[in-house]
Amino acid sequence: MNGKINIALSGGKTPELLFTVLSAEYKNKINWGKLFFYWVDERCVPPDSAESNFGMAEKNLLRNIAIPAENIYRISGEAAPEAEAVSYSEIIKRNIPSQNDFPVFDLIMLGVGEDGHTASIFPDQMNLLKSDKIAEVSKHPQSGQKRITLSGKVINNSDRIFFLASGKNKADVIANILEKKEDYLKYPAGHIETSDGGLKWYLDKEAASELKTL
């Protein structure tokens with residue numbers, strides 16, 4: 001690891017809470033200089049947009065901690081999506097060790113949606129789980145908004161994966177996935193796994209409310 005810890009961050013309300021806690025309570029307890037931040041996905045919007053995953057992290061964490069600017073590798077959501085997917089893939093290739101022809105992040109943070117999507121891999125774009133590219137362009141099924149996302153192969157190649165989820169509205173999907181009910185593979189999040197058991201789920205009470213065993 002050479003003292004570097006490469007982490008891909010996600011957006012959403014649950015990570016927002018985590019970032020707020022980290023910046024308030026762990027500001028001086030973590031050696032931020034050893035952490036290198038990337039993003040799992042990003043909406044194709046400028047960084048100052050309220051929809052920007054980077055913007056949310058910058059507001060709630062990055063501006064409040066002593067992390068060098070060169071440790072932050074954001075996805076340029078304001079750039080042309082297809083070109084930025086290629087550019088971001090190259091940045092990752094240059095900076096992150098690889099194994100099995102894919103980069104190996106030390107930690108990837110994920111969320112899960114009501115429809116079972118994770119990163120920006122949606123149920124109608126399951127092909128992105130098996131893509132041989134590092135980063136892909138996806139499209140939100142309802143809004144049509146383009147996004148840039150890491151592929152499923154990159155996510156599953158990481159050392160550790162942490163799912164963070166909160167809210168009753170995700171409880172059914174989470175129960176289906178964790179209990180491996182017969183339809184769980186229709187959800188992109190159901191295909192996420194590490195080869196050595198480095199996958200963990202962190203849920204609040206409501207998100208875990210449909211699980212049979214806790």
Side-chain angles (χ1 to χ4, degrees), residues 6-16 18-19 36-45 49 51-57 73-77 79 81-82 84-89 91-93 96 102-167 170 173-174 176-178 184-195 198-203 207:
N6 296 307
I7 301 173
L9 302 174
S10 64
K13 293 295 183 183
T14 311
E16 182 176 356
L18 172 64
F19 297 159
F36 291 76
F37 289 139
Y38 298 78
W39 270 260
V40 171
D41 65 333
E42 182 60 277
R43 297 174 179 87
C44 292
V45 297
S49 168
E51 295 185 342
S52 170
N53 287 341
F54 166 78
M56 184 274 285
Y73 295 91
R74 77 175 182 92
I75 299 171
S76 297
E82 288 75 14
E84 179 59 14
V86 173
S87 176
Y88 203 63
S89 297
I91 289 171
I92 290 173
K93 281 183 185 179
I96 294 184
F102 283 95
V104 182
F105 282 92
D106 296 299
L107 170 63
I108 288 184
M109 180 190 300
L110 295 174
V112 60
E114 293 179 57
D115 60 355
H117 85 267
T118 192
S120 280
I121 302 175
F122 297 95
D124 65 339
Q125 295 155 66
M126 300 290 277
N127 59 299
L128 300 183
L129 290 166
K130 300 298 183 183
S131 171
D132 288 326
K133 296 180 181 179
I134 292 175
E136 284 270 20
V137 178
S138 69
K139 184 181 291 187
H140 190 278
Q142 279 75 49
S143 70
Q145 181 190 61
K146 286 189 174 182
R147 301 184 179 191
I148 296 166
T149 184
L150 297 184
S151 69
K153 286 188 176 182
V154 172
I155 293 170
N156 285 341
N157 205 47
S158 62
D159 278 345
R160 294 177 181 83
I161 301 171
F162 290 173
F163 271 99
L164 306 177
S166 60
K170 300 174 182 178
V173 168
I174 289 168
N176 283 358
I177 293 171
L178 291 182
Y184 81 100
L185 288 177
K186 72 179 183 180
Y187 304 120
H191 293 262
I192 303 303
E193 57 185 352
T194 58
S195 60
L199 170 62
K200 295 185 182 297
W201 287 73
Y202 295 92
L203 310 172

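For the single chain, residues carry numbers from 1 onward in sequence order. Values below: all heavy atoms of this structure, side chains included; hydrogens, waters and symmetry mates excluded. Values in this document were obtained by computation on a predicted structure and should not be read as measured data.
- A donor-acceptor contact shorter than 3.5 Å is absent between the side chain of S158 and the backbone of D106.
- Here the shortest heavy-atom pairing between A119 and I155 reads CB-CD1, 4.0 Å.
- Residue pairs satisfying the ring pair (Phe, Tyr, Trp, His ring centres under 6.0 Å) criterion with at least one member in residues 114-136, sequence neighbours excluded, are listed as follows: H117-F122, F122-H140.
- I177 and Y184 make their closest contact through CA-CB, 3.9 Å (heavy atoms, listed as atom of the first residue, atom of the second, distance).
- Listed by chain and number, the residues in a side chain to side chain donor-acceptor pair (under 3.5 Å) with Y73 are N95 (sequence neighbours excluded).
- By the side chain to side chain contact (heavy atoms under 4.5 Å, CB included) test, V104 pairs with Q99, N157, D159, sequence neighbours left out.
- Here the closest non-hydrogen pair linking L199 and E193 is CD2-CA, 4.1 Å.
- With rounding to the nearest 0.5 Å, the separation of CD in E84 from CZ in R74 is 8.0 Å.
- Taking every heavy atom of both residues into account, V112 and A165 meet most closely at CG1-CB, 3.9 Å.
- Listed by first and then second residue, the salt bridge (Lys or Arg N to Asp or Glu O under 4.0 Å) pairs that reach into residues 119-140 are D132-K153, sequence neighbours excluded.
- The side chain to side chain contact (heavy atoms under 4.5 Å, CB included) check on V45 picks up R43, S49, E51, S52, Q145, with sequence neighbours excluded.
- Of the inter-residue distances, the one linking F37 atom CZ with L107 atom CG reads 9.5 Å to the nearest 0.5 angstrom.
- Summarising the geometry, atom CD1 belonging to I96 is positioned 4.5 Å from atom CG belonging to N6; distances are rounded to the nearest 0.5 Å.
- The salt bridge (charged side-chain N to carboxylate O under 4.0 Å, His left out) check on K200 picks up nothing, with sequence neighbours excluded.
- Contacts of N156 classified as side chain to side chain donor-acceptor pair (under 3.5 Å), with partners at least two apart in sequence or in another chain: none.
- Partners of S89 under the side chain to side chain donor-acceptor pair (under 3.5 Å) rule, at least two apart in sequence or in another chain, do not exist in this structure.
- A distance of 12.0 Å separates CD in Q125 from OG in S131, rounded to the nearest 0.5 Å.
- Put simply, the side chain of I121 does not reach to within 4.5 Å of the side chain of I192, judged on heavy atoms.
- Nearest heavy-atom pair across V40 and M109 is CG2-O, 3.3 Å.
- Just one residue in the list F19, Y38, F54 forms a side-chain contact (heavy atoms from CB on, under 4.5 Å) with L9, and that residue is F19.
- Here E82 pairs with K146 under the salt bridge (charged side-chain N to carboxylate O under 4.0 Å, His left out) rule; sequence neighbours left out.
- Between S120 and D41 the shortest heavy-atom distance is OG-OD2, 2.6 Å.
- Here A85 pairs with A135, V137, I148 under the side chain to side chain contact (heavy atoms under 4.5 Å, CB included) rule; sequence neighbours left out.
- Looking at V154 and P103, their side chains come closer than 4.5 Å, going by heavy atoms from C-beta outward.
- Under the rule for a ring-ring contact (aromatic ring centres under 6.0 Å, His included), the partners of F162 that lie at least two apart in sequence or sit in another chain are Y202.
- To the nearest 0.5 Å, atoms CZ (R147) and CG (L128) are separated by 12.5 Å.
- Remark: K186 engages D183 in a side chain to side chain contact (heavy atoms under 4.5 Å, CB included) (not counting sequence neighbours).
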